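Residue numbering restarts at 1 for every chain, and letters A, B, ... go by the order of the sequence lines. Just so we're clear, the structure is a prediction, and the values are computed from it rather than from any experiment.
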Protein chains: 2
Amino acid sequence: MRLSNLADYAVVAMCAASRHCGGGKTSAAELAAETGLPVPTVQKLVSKLSAAGLLRSTRGAGGGLQLARPAAAITVADIVEAVEGPIALTACVEGADCLVEHDCSVKPHWPVVNEALRGALAAIPLTQLARTREIA
Amino acid sequence: MRLSNLADYAVVAMCAASRHCGGGKTSAAELAAETGLPVPTVQKLVSKLSAAGLLRSTRGAGGGLQLARPAAAITVADIVEAVEGPIALTACVEGADCLVEHDCSVKPHWPVVNEALRGALAAIPLTQLARTREIA
DNA sequence: ATCAATCGGACCGATTTGGTCCGATTAAGC
DNA sequence: GCTTAATCGGACCAAATCGGTCCGATTGAT
């Protein structure tokens with residue numbers, strides 16, 4: 001019942017990237033310096049985030065990264081799904097057959113819980129996270 | 001972002017145990033037969049569930065298991081926490097220092113998400129799960 | 001006191017996760 | 001047009017956790 005470290009890091013990294021949104025491009029190395037994460041780890045993250053369409057990467061000298069969408073249109077749920085894949089608490093939510101399929105009275109309830117979690121994550125846009133410790 | 005298989009199994013096993021509530025005691029072997037899970041796995045589960053105070057075990061010949069509380073007073077959150085430990089999406093929710101502590105603007109938001117998830121799990125008592133496929 | 005049936009904990013293999021490294025690609029500069 | 005430099009992208013490897021299996025300790029009935 002725990003979020004993977006990578007997903008946690010990704011949220012922090014995207015939060016840092018959103019601060020560079022006005023100033024144009026940033027780089028994986030810069031994000032690593034600001035977040036304190038290892039550079040290769042950040043590179044791995046931006047790969048997945050780019051593939052998911054959350055970041056837009058420009059290669060070559062002078063290249064870098066920028067948000068593919070406005071920060072307000074990116075939620076924690078988007079970031080988590082980009083790194084960990086679809087949010088599914090149990091295998092049967094994704095369609096896999098559980099081994100007690102014939103009389104599994106629990107099955108119908110999981111999608112409800114699943115959507116509750118997803119809704120909680122989708123309710124937090126990147127703009128809200130960028131406000132440094134205002135709600136602490 | 002996925003529940004462990006053990007936690008999923010534990011919910012199913014507890015659901016099966018609740019059906020024996022009126023009839024008194026059951027056993028790990030019986031639960032295994034009803035759920036289709038391997039016997040040793042169920043034994044492992046009942047150990048943790050007993051330690052968490054959700055099941056009461058009686059040892060010796062003719063012993064067995066029974067719910068320690070009424071089924072209505074046991075929620076999915078209780079079962080998940082019994083098997084997986086406290087529900088904490090990130091390490092910082094539990095008090096551990098993240099390595100970007102000094103300016104982690106994300107940190108204040110995790111407890112909110114965490115409670116939303118926990119609330120969704122705590123809203124489902126065992127009695128609701130026992131109703132076989134009524135809400136499908 | 002013996003026996004039988006149960007739970008409880010310890011051991012082992014497998015999968016996933018997290019971290020590191022090197023190569024492919026691209027744009028700028030000469 | 002070529003060289004150079006800086007970047008992203010994917011492949012490789014170690015570690016931790018998870019899942020499964022087994023055997024021993026404890027307890028009540030006979």
>> Need one value for B:A29: base, sugar-phosphate or nothing, where a base atom within 4.0 Å counts as base even if backbone is also close, heavy atoms only.
In response: nothing

>> Rounded to whole Å, please give me the gap between CD in B:Q66 and P in C:dT6.
In response: 15 Å

> What side chain to side chain donor-acceptor pair (under 3.5 Å) pairs are there with at least one residue in residues 52-63 of chain A, not counting sequence neighbours?
Replying inline: none

> Taking OH from A:Y9 and C1' from C:dG19, how many angstroms apart are they, rounded to a whole number?
Replying inline: 10 Å

> Which residues satisfy the side chain to side chain contact (heavy atoms under 4.5 Å, CB included) test with B:A10, sequence neighbours excluded?
Replying inline: B:L45, B:I79, B:V83

>> Working to the nearest 0.5 angstrom, can you tell me the gap between B:R19 CZ and B:L126 CG?
In response: 9.5 Å

> Which whole-number value in Å describes the distance from A:N5 CG to C:dG19 P?
Replying inline: 7 Å

>> For chain B and DNA chain D, what are the first and last nucleotides along the strand, 5' to 3', with at least one atom under 4.0 angstrom from a heavy atom of the protein chain?
In response: D:dG19 to D:dG28

>> By the side chain to side chain donor-acceptor pair (under 3.5 Å) test, which pairs, at least two apart or in different chains, include something from residues 70-92 of chain A?
In response: A:S4-A:E84, A:R69-A:D78, A:T75-A:D78, A:E81-A:R118

>> From NZ of B:K48 over to P of C:dA10, roughly how many Å is that when rounded to an integer?
In response: 13 Å

>> Nearest 0.5 angstrom please: B:L31 CG to B:Y9 OH, how far?
In response: 15.5 Å

>> I'd like to check the side-chain hydrogen bond (donor to acceptor under 3.5 Å, both in side chains) partners of B:Q43; sequence neighbours left out, ordered by chain and number.
In response: none

> Can you check the A:D8 CG to C:dT17 P distance for me, whole Å?
Replying inline: 15 Å

> How would you label the contact of A:A28 with the nucleic acid (heavy atoms, under 4.0 Å): base, sugar-phosphate, or nothing?
Replying inline: sugar-phosphate

> Starting at the 5' end of DNA chain C and moving along, which residue's nearest nucleotide shows up first, A:T58 or A:L6?
Replying inline: A:L6

> Rounded to the nearest Å, what distance is computed from the NZ atom of residue B:K44 to the P atom of nucleotide C:dA10?
Replying inline: 10 Å

